[in-house]
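Worth saying up front: this structure is predicted, and the values here are computed from it rather than measured.
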Amino acid sequence: MPVHADYRPAPVFFDLGPDFADAVEAARFPKADLRFRNQRAAAEVGLDSLSEAEWIAAFGRFEPLPGQSGPLAMRYHGHQFRHYNPDLGDGRGFLAAQMWETPQATAARGGERPRLLDLGTKGSGQTPWSRGGDGRLTLKGGVREVLAAAMLEAQGVPTSRAFSLIETGEALERGDEPSPTRSAVLARLSHSHIRFGTFQRAAYLGRVDQIEALIEHVRGLYRPQVAAGDAPGLLRAVVEASARLTARWIAAGFVHGVLNTDNLNVTGESFDYGPWRFLPSYQPGFTAAYFDQTGLYAFARQPEAVFWNLTQLAGCLKLVAEVEPLTDALNGFGPAYIRQLRAAFLMRFGVLSLGEAADQRLVDAALALLREGGEGLRWEPLFFDWFGGFASAARALSGPRAKLYQGEAFDAFRFALMEHEPDRIERLEHPMFAAREPEEMLIDEVEAIWAAIDAADDWAPFRAKLARLEAARLAWAFTA
């Protein structure tokens with residue numbers, strides 16, 4: 001299979017050995033209709049030159065890419081809604097390939113060294129960890145994952161990227177949606193698929209050697225600034241990355257839905273989008289999953305959920321490190337989260353920092369205004385209307401929400417925003433900011449996009465939405 005000269009395979013997870021994964025084969029599907037191809041992401045790993053037939057061979061039939069060792073279903077455990085489950089692992093996916101990003105991709109993000117990137121799958125067939133499941137993915141689930149990842153990337157959230165979506169021609173039965181339904185296989189590009197649950201499995205088995213191997217593997221590949229064998233130092237890096245991710249979720253108005261320990265990874269990158277939602281308006285108790293009856297993973301409880309998961313990771317590291325330095329590292333989450341939340345709100349408003357006190361006033365005032373504005377204001381439009389700080393006052397005060405921008409809560413917000421200088425004000429020249437409404441990703445639009453596909457095989461709304469999200473990504477010009 002011909003690939004770009006910049007394609008550099010690096011199947012380093014395979015070097016950890018058979019204790020961490022199982023060799024598997026992809027399912028054979030009746031058909032392979034390419035529905036989505038992320039050409040920009042493909043260019044970052046030197047796979048953009050594949051023809052459509054070669055792409056389908058690689059991501060519909062999973063014929064091995066050059067230099068790769070074959071699919072591996074990764075082993076891990078996890079807490080699911082705070083209940084420990086030792087019977088997890090990749091049940092409908094696998095690690096398909098690992099490669100270094102291209103020099104151009106490293107330069108574009110301002111990196112000092114190339115990142116290792118994973119191609120993982122979803123819906124690629126049964127594995128030893130399927131637990132009786134069919135190992136498949138619904139086409140609707142694949143469409144939703146593509147949309148979620150595109151929206152989050154546009155909003156500056158560290159996220160996996162949907163890489164490929166191929167419809168596979170099977171009729172799937174599901175108990176929680178109309179069946180039979182169409183099937184698909186997804187590939188996603190991530191910085192790492194090593195989960196908190198990967199460490200939990202090793203700890204559950206009492207395998208100190210596996211914990212030590214994971215620490216060195218993660219440290220060397222993803223956190224080289226951490227000294228060899230420094231488990232507290234590694235935890236500190238994961239805590240900081242997780243705090244940043246959580247803050248970006250909150251600033252985006254995003255609800256992941258299932259923040260189990262197997263859905264958080266060591267690089268602080270969001271992935272595995274199931275019952276996600278974006279806030280329609282400021283609702284701290286808003287949940288994404290219908291089965292989250294107690295609101296454990298509600299919007300405003302996400303920082304609590306991530307911290308709880310980090311404590312489970314810290315507990316695994318107790319096998320190789322003293323409790324006190326691990327506790328110190330863990331306790332850094334709260335201050336890091338508050339610091340990262342301020343930074344995330346400044347990013348979303350497109351303004352520069354004025355210092356801790358002034359930045360916090362802006363966060364507090366924005367949340368108060370969102371609370372008061374309710375369904376009329378909504379979450380995303382506030383950031384759209386006032387992007388660029390007070391330089392956008394005329395645009396915001398003549399827009400569709402002008403009548404909401406009055407009263408005491410707005411006065412406090414306006415004062416806090418006026419204090420901050422715009423950051424890269426030239427971004428306001430992008431045509432997106434001439435629109436009256438921002439790009440949102442509310443559930444009614446998601447359902448409408450799927451309805452067009454389901455009823456008439458009409459992919460035009462899906463493609464149009466992705467095109468608008470790409471325009472938004474370029475307009476915001478955030479860095480994840």
Between [X] and [Y], is there a side-chain N and carboxylate O pair less than 4.0 Å apart?
{"X": "E177", "Y": "K140", "result": "no"}
{"X": "E304", "Y": "R82", "result": "yes"}
{"X": "D176", "Y": "R174", "result": "no"}
{"X": "D90", "Y": "R75", "result": "no"}
{"X": "R182", "Y": "E170", "result": "no"}

query = Does CD in E322 sit with more than 12 non-hydrogen atoms of other residues, nucleotides or ligands closer than 6.0 Å?
reply =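 For E322, atom CD is not crowded (no more than 12 foreign heavy atoms under 6.0 Å).
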
ask   = More than 12 heavy atoms of other residues, nucleotides or ligands under 6.0 Å from CD of E324: is that the case?
value =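 At most 12 heavy atoms, drawn from other residues, nucleotides or ligands, come within 6.0 Å of this atom.
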
Under 3.5 Å, is there a donor-acceptor pair between the side chain of [X] and the main chain of [Y]?
{"X": "Y337", "Y": "A243", "answer": "no"}
{"X": "H256", "Y": "F271", "answer": "yes"}
{"X": "Q68", "Y": "Q98", "answer": "yes"}
{"X": "T102", "Y": "A105", "answer": "yes"}
{"X": "N309", "Y": "L259", "answer": "yes"}
{"X": "N85", "Y": "D87", "answer": "yes"}
{"X": "E380", "Y": "P438", "answer": "no"}
{"X": "Q39", "Y": "D48", "answer": "yes"}
{"X": "R195", "Y": "D262", "answer": "yes"}
{"X": "D359", "Y": "L354", "answer": "yes"}

query = Going by the ring-ring contact (aromatic ring centres under 6.0 Å, His included) test, which pairs reach into residues 93-135, not counting sequence neighbours?
reply =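 Those involving residues 93-135 are F62-F94.
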
key: Residue pairs, two or more places apart or on separate chains, that pass ring-ring contact (aromatic ring centres under 6.0 Å, His included) and touch residues 301-327   =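 Listed by first then second residue: H79-W308, F307-F333.
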
inquiry  = Please verify the inter-ring angle class for W379 with F345; under 30° counts as parallel, over 60° as perpendicular, anything in between as tilted.
reply    =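 Rings of W379 and F345: perpendicular, as their planes differ by over 60°.
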
ask   = Between Y204 and Y84, how do the two ring planes meet: parallel, tilted or perpendicular, split at 30° and 60°?
value =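 Because their plane-to-plane angle is under 30°, the rings of Y204 and Y84 count as parallel.
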
Let me confirm one number: the [atom1]-[atom2] distance from [X] to [Y], rounded to the nearest 0.5 Å.
{"X": "H193", "Y": "F13", "atom1": "NE2", "atom2": "CZ", "result": "11.0 Å"}
{"X": "Q312", "Y": "T261", "atom1": "CD", "atom2": "OG1", "result": "7.0 Å"}
{"X": "T168", "Y": "L137", "atom1": "OG1", "atom2": "CG", "result": "8.0 Å"}
{"X": "Y290", "Y": "D292", "atom1": "OH", "atom2": "CG", "result": "11.5 Å"}
{"X": "E439", "Y": "F384", "atom1": "CD", "atom2": "CZ", "result": "9.0 Å"}

Ring centers of [X], [Y] separated by less than 6.0 Å:
{"X": "F278", "Y": "W276", "result": "yes"}
{"X": "F349", "Y": "F383", "result": "yes"}
{"X": "F20", "Y": "Y76", "result": "no"}
{"X": "Y222", "Y": "H191", "result": "yes"}
{"X": "F299", "Y": "F286", "result": "no"}

task = Decide side chain to side chain donor-acceptor pair (under 3.5 Å) for E44 and Q104; before the verdict, give the C-alpha distance in whole Å, the side-chain angles of both, and the deciding distance to 0.1 Å.
result = CA-CA 7 Å; E44 294 181 18; Q104 295 87 345; over 6 Å; no

Partner residues of D364 under the side chain to side chain donor-acceptor pair (under 3.5 Å) criterion, sequence neighbours left out =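 Checked D364 against side chain to side chain donor-acceptor pair (under 3.5 Å); matches are Q360.
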
task = Please test E372 against L370 for side-chain contact (heavy atoms from CB on, under 4.5 Å), starting from the C-alpha separation and ending with a verdict.
result = CA-CA 5 Å; E372 182 178 278; L370 283 162; over 6 Å; no

Exercise: identify the closest heavy-atom pair between [X] and [Y]:
{"X": "T127", "Y": "G93", "value": "CG2-O, 3.8 Å"}
{"X": "E445", "Y": "E440", "value": "OE1-O, 3.3 Å"}
{"X": "L319", "Y": "A203", "value": "CD2-CA, 4.1 Å"}

query = Do the side-chain N and O atoms of S192 and E269 include a donor-acceptor pair separated by under 3.5 angstrom?
reply =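 Per modelled atom types, S192 and E269 side chains form no pair under 3.5 Å.
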
inquiry  = Is a donor from one side chain sitting under 3.5 angstrom from an acceptor on the other, for Y273 and S160?
reply    =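 Absent: no donor and acceptor within the cut-off.
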
task = Would you verify whether the NZ or CZ of R348 falls within 45 degrees of the ring axis of W476 while also being under 6.0 Å from that six-membered ring's centre?
result =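 Geometry flag: set, cation within 6.0 Å and 45°.
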
ask   = Of R113, R8, R115, which is the lone residue that meets salt bridge (charged side-chain N to carboxylate O under 4.0 Å, His left out) with E101?
value =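 Only match with E101 under salt bridge (charged side-chain N to carboxylate O under 4.0 Å, His left out): R115.
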
